[in-house]
Amino acid sequence: MIRTRVIATAASVPEQIITNDDLARIVDTSDEWISQRTGIKERRISSGENTSVFVSDVAKQLMEKAEVTADSIDLIIVASVTPDYGTPSLACMVQKEIGASNAVAFDVVAACSGFIFALSIADKYIRSSGYENAIIIGGETLSKVIDWSDRSTCVLFGDGAGGAYLEKAQDGGILFEEIGSDGKMYEILTAGYTACSNVFNENPAGVDPLWYAHMDGREVFKFATKNVIKSLNKVMEENNITQEDIKYFIPHQANVRIVEVISKKLDIPFEKFYMNIERFGNTSSASIPIALSELDEKGLLERGDQIILTGFGGGMTWGTMLITW
Ligand code: ACO
């Protein structure tokens with residue numbers, strides 16, 4: 001059976017580290033509040049590099065690790081809610097940067113579930129067409145859509161990118177996915193709104209307040225716990241597996257308390273969830289691939305291990321994927 005296998009992973013994050021204490025100097029907050037409510041201790045924040053810098057770096061590392069040439073790349077998909085431009089896509093910018101002249105390149109928008117949605121699309125291309133491989137990246141510079149005077153959001157997010165190089169294989173790889181969306185709830189988590197302002201209407205030009213990230217934290221918390229639990233249950237039930245068959249669960253890193261609830265409700269030991277939120281905060285579409293890349297880099301995954309990626313995000317969207325490493 002034709003499958004899509006992860007061959008290499010990589011991550012790229014800004015050098016600048018902003019700690020909770022740094023934030024306490026610009027808004028009325030504290031390390032104690034942020035750590036206890038979210039699990040975050042510090043995050044990486046761009047010093048001016050835009051998203052294309054991080055995603056291009058990930059693509060270069062992936063090619064080097066997988067030992068493939070640029071002209072052999074068939075497909076590039078980048079998931080992001082903070083691209084450099086409306087057009088071109090980040091994927092086309094990556095294509096130019098690495099010289100992958102034979103690839104098809106485009107972006108997808110599914111917020112923090114974006115990496116899983118992009119993997120899902122690549123899996124279909126690889127299994128049902130002549131595509132042999134793909135570079136899939138999630139990358140963000142969320143710092144540009146944050147209101148740095150709003151303590152309820154500015155403490156949560158970080159910048160960076162992560163990705164995977166995939167190849168067609170005869171077994172293993174992506175085994176099962178469960179993805180979904182609920183547009184009815186889109187207003188509980190928004191960012192990057194641009195008003196329609198032109199010379200023929202009365203909308204003032206300039207940055208709209210809705211450009212900045214807005215979130216109903218409690219509703220997002222409820223949505224996340226309910227849908228991730230349902231999605232994880234479905235994936236395990238439909239594949240006749242239990243948490244014992246899974247080496248690691250790699251959740252979207254939004255809030256350590258969300259993962260604690262999921263771990264408790266599903267009776268999965270918390271240690272099985274790979275967490276790095278304390279060092280990166282919530283990097284939206286980049287959070288799952290950055291975590292995956294760390295696991296891989298540390299040598300914690302062996303070929304044949306089963307892992308589950310699971311995320312939720314703006315839209316609202318969610319996605320869970322069962323993969324044999
Ligand atoms: N520092 C200090 N106090 C703060 C801060 C802060 N940074 N932010 C809010 N507060 C205050 C509020 O003003 C409020 O004060 P009040 O009681 O005097 O009115 C109090 O803390 C409680 O505020 P809540 O918003 O009710 O705090 P809550 O316990 O819900 O925690 C949080 C907020 C962490 C955002 C939580 O709702 C949450 O985790 N939600 C899940 C959403 C999430 O993780 N989103 C991440 C991005 S979305 C995504 O990735 C898909």
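Both ligands and their constituent atoms are indexed starting at 1 by order of listing. Only this structure's heavy atoms are used, side chains among them; waters, hydrogens and symmetry mates stay out. Small disclaimer: the values here were computed from a predicted structure and weren't measured.
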inquiry  = Within ligand 1, which atoms have a heavy atom of Gly313 less than 4.0 Å away?
reply    = 51 (C)
task = Before signing off on this row, confirm whether Arg151 and ligand 1 have an N or O atom pair separated by under 3.5 Å.
result = yes
message = Do Ile307 and Ile179 sit in one hydrophobic cluster, given that two such residues count as connected whenever their side-chain heavy atoms are within less than 4.5 Å of each other, even indirectly?
response = yes
inquiry  = One pair to check against side-chain contact (heavy atoms from CB on, under 4.5 Å): Val81 and Ser284. What are the steps and the verdict?
reply    = CA-CA 8 Å; Val81 292; Ser284 190; 4.3 Å; yes
inquiry  = Heavy-atom pairs closer than 4.0 Å: do any link ligand 1 to the side chain of Arg218, the backbone, both, or neither?
reply    = both
key: Residue portion contacting ligand 1 (non-hydrogen atoms closer than 4.0 Å) for Ala254   = both
key: Ligand-side contact atoms (ligand 1) for residue partner Arg257, heavy atom cut-off under 4.0 Å   = 29 (O), 31 (O), 36 (C)
Heavy atoms from other residues, nucleotides or ligands near CD of Glu260 exceed 12 (cutoff 6.0 Å) = yes
Atoms in ligand 1 flagged as close to Cys112, the criterion being non-hydrogen separation under 4.0 Å = 49 (C), 50 (O), 51 (C)
ask   = Are there protein heavy-atom neighbours of atom 20 (C) of ligand 1 below 4.0 Å?
value = no
request  = Would you please determine whether Met316 falls within less than 4.0 Å of ligand 1 on a heavy-atom basis?
outcome  = no
query = Under 3.5 Å between some N or O of ligand 1 and some N or O of Gly217?
reply = yes
message = Quick check for you: to the nearest 0.5 Å, what is the distance between His252 atom NE2 and Ile277 atom CD1?
response = 7.5 Å
message = Is it the case that the side chains of Ser52 and Asp84 hold a donor-acceptor pair, with the cut-off being a distance below 3.5 Å and no angle test?
response = yes
remark   = At under 4.0 Å between heavy atoms, what of Val27 touches ligand 1? The answer is neither
query = Hey, is atom 16 (P) of ligand 1 touched by any protein heavy atom at less than 4.0 Å?
reply = no
Sub-4.0 Å protein heavy atom next to atom 25 (O) of ligand 1 = no
message = Assess the residue pair Ile126 and Ile174 against the criterion (side-chain contact (heavy atoms from CB on, under 4.5 Å)); give the C-alpha distance rounded to whole Å, side-chain angles, the decisive distance to 0.1 Å, and a yes or no.
response = CA-CA 11 Å; Ile126 287 176; Ile174 297 173; over 6 Å; no
request  = Determine, using the 4.5 Å side-chain heavy-atom cutoff (strictly less than), whether Ile258 and Val256 are members of one ILVMFWY cluster.
outcome  = yes
key: Contact with ligand 1 for Ile34, non-hydrogen, under 4.0 angstrom   = no
ask   = Hey, which atoms in ligand 1 end up nearer than 4.0 Å to a heavy atom of Val155?
value = 7 (N)
query = Nearest non-hydrogen atom to atom 38 (C) of ligand 1 belongs to which of Asp150, Asn282, Ile277, Asn255?
reply = Asn255
request  = Considering only protein heavy atoms, determine whether one is less than 4.0 Å from atom 49 (C) of ligand 1.
outcome  = yes
task = Please could you name the atoms of ligand 1 that Phe157 approaches to less than 4.0 Å, counting only its heavy atoms?
result = 47 (C)
key: Proximity to ligand 1 by part of Phe221, non-hydrogen separation under 4.0 Å   = both
ask   = Can you name the closest pair of heavy atoms from Ile40 and Asn20 and give their distance?
value = O-ND2, 2.7 Å
task = Specify whether the nearest protein heavy atom to atom 44 (O) of ligand 1 is under 4.0 angstrom away.
result = yes
ask   = Side-chain heavy atoms under 4.5 angstrom apart, residues restricted to Ile, Leu, Val, Met, Phe, Trp, Tyr: same cluster for Val108 and Val104?
value = yes
ask   = Would you say Lys184 has more than 12 foreign heavy atoms packed within less than 6.0 Å of its NZ?
value = no
key: Flag if over 12 foreign heavy atoms under 6.0 Å of CD, Glu297   = no
task = Would you mind telling me if ligand 1 is within reach of the side chain of Thr29, the backbone, both or neither, using heavy atoms under 4.0 Å?
result = both
